[in-house]
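Since the structure comes first, as C-alpha cells, the remarks are kept for the end.
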Amino acid sequence: MTTAMETTIADPPAPPTRFGILERLLRIVWIGPLIAALVIYLFFVIVGGGSGFFSIPGTAGWLNTAAELGIIALPVGLLMISGEFDLSTGSVVGAASIIVALGTGFYGLPIELTIAMALAMGVGVGCFNALLVNATKLPSFIVTLASNFILAGTALGLSRLISGSSNVSLKDAGWAEAVLGSKWMFFNVSVLWYLLAAVLAAWVLKQTRFGNWIFATGGNPDAARRAGVPVARVKLILFIWTAVSAAFVGIMSAVMYNQGNAASGQGYVFQTAIAAVIGGVLLQGGFGSVIGIVLGTFIYGIVSLGLFYTGWPTDWLATFIGGLLVIAVLTNNLIRELALNRGKKKL
C-alpha cells in the first residue's frame, strides 16, 4: 500500500501533447482572425513592401483607416454579440458632421455646443432604434435600415435648405482641432481614440456583469430573461453606444477635414459589420471578442490600403473584401465547431 502511494505521488504529470496545445489554441476566440491578419499582412509586405506599404506612411494609412472604422465597429460588434444589428451608423456619421459644420461653420456657434448637439443626436437615434426594436419585436436589421434612410434624407434635406449645399465648410474648430483632428508622423489622433475605445470595450465585455449580460442576451434571450437579465436595457445601452460612437466619428471627420457632408459615412453601414464578422463575431449572436473585432478592422484596413501599394486596380477592392468575408465566416465557424467537438469528446 505504501509502495503504491509512493508510486502514485512520484509519477510526474504527463507533458502536454501537440494535440493538447492545438485544443487550447482552438479555444481562443480570436485565433482565427489573428492568423488571417498575420497572413494578409505578410502577403502585402512581400507584394507591396517595395512600394512603401511597410513604411511609416504606409502603416499609418491602413491604421488610420482601421481606427476610424473600429471606433464604430467595436460597439457594433458588441451589439451583434447580443443578437442585434445596427445599419444606421452611416447616416449618424453624416448627420453629426453636418451638425458641427452648420452650427460652428455656418452659424458661428461654439464648437462645444455643436459637439454636444451631435452627440445628443446620437443618443436620440440609439434610443429610437432600441425602443422600436424592444417594443415591436421587429428585426433590428429592418428598423435600423429604415432609420438610416430617414436620417440620411433629413440631414441632406436640412443641409441644402439651410446652406444650399450638402457640403459645409468648417474653417476654425478651435481646441477641437488638437483633440480630434491632429496628426503625429502621419498617424491621426483617431488611433489614440481607438485604443481607448478598445480598452473600454474589452473591460466591459470581460470584467463586468454587463458583459455577461451581452453574451447571455445573444445566446438565448428568453433564458436570459428568466435568469433576471434586463435584456431590453442591454439592447438600449448598446444601441446608444453604437450611435454615439458613430456621431463621434462624424465629429472627428468634420474637424479633421474642415467640412461636414450630410451624405458622408454611408460606407460604414456595412463595413463595420463586415469587420466584426471577419473578427470572429457570429451573425447569430452569443459569440465574439473585442480582440477579434480589432483584428477584423486591421484586416479591413490592410486590404483597403494594401491593394494601392501593390499597383493592382483598386476596382477589385470590393471583390477582395467579399471573398475575405466568406472565408472569414467559414473559418470562424469551423474553428468554433472544432473547439466545441473537442470539448464534448473530453467530457
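We number each residue from 1, following the sequence as shown.
Cluster annotation: V179 is not connected to M117 through the hydrophobic network of ILVMFWY side chains, with a link wherever side-chain heavy atoms come within less than 4.5 Å. Both W62 and F44 belong to a single network of hydrophobic side chains, linked directly or stepwise wherever heavy atoms of I, L, V, M, F, W or Y lie under 4.5 Å apart.
Partner Y41 forms a side chain to side chain contact (heavy atoms under 4.5 Å, CB included) with one of V39, L38, V45 and no other, that one being V45.
You'll find the side chain of F248 stays beyond 4.5 Å of the side chain of I115, heavy atoms only. Side-chain contact between Q266 and S91: present, with at least one pair of heavy atoms (C-beta onward) separated by less than 4.5 Å. Proximity of K171 to N258: side-chain heavy atoms (C-beta onward) are nowhere separated by under 4.5 Å. In this structure, the side chains of L238 and P75 stay at 4.5 Å or more apart for every pair of heavy atoms. Counting heavy atoms from C-beta outward, I98 and L158 have side chains that stay 4.5 Å or more apart.
Side-chain N/O atoms of D86 and T242 include no donor and acceptor closer than 3.5 Å.
Judged purely by atom type and a 3.5 angstrom limit, W193 has no side-chain atom pairing as donor or acceptor with the backbone of A67. Looking only at distances, no side-chain donor or acceptor of T65 sits under 3.5 Å from a matching main-chain atom of G301. Formation of a donor-acceptor pair under 3.5 Å by the N134 side chain with backbone atoms of A232 is found in this model. Formation of a donor-acceptor pair under 3.5 Å by the N64 side chain with backbone atoms of N188 is found in this model. No donor-acceptor pair closer than 3.5 Å links the side chain of T217 to the backbone N or O of V231. With hydrogens and angles disregarded, no donor-acceptor distance shorter than 3.5 Å links the side chain of S166 to the backbone of L156. Put simply, the side chain of S163 gets close to the backbone of S165: a donor and an acceptor are under 3.5 Å apart.
The neighbour count for F308 CZ, taken as heavy atoms of other residues, nucleotides or ligands under 6.0 Å away, does not exceed 12. Residue R225 places its CZ atom among more than 12 non-hydrogen atoms of other residues, nucleotides or ligands, all under 6.0 Å distant. Within a 6.0 Å sphere centred on CH2 of W175, other residues, nucleotides and ligands contribute more than 12 heavy atoms.
Residues V255 and A173 share a closest heavy-atom pair of CG1-CB, 4.1 Å.
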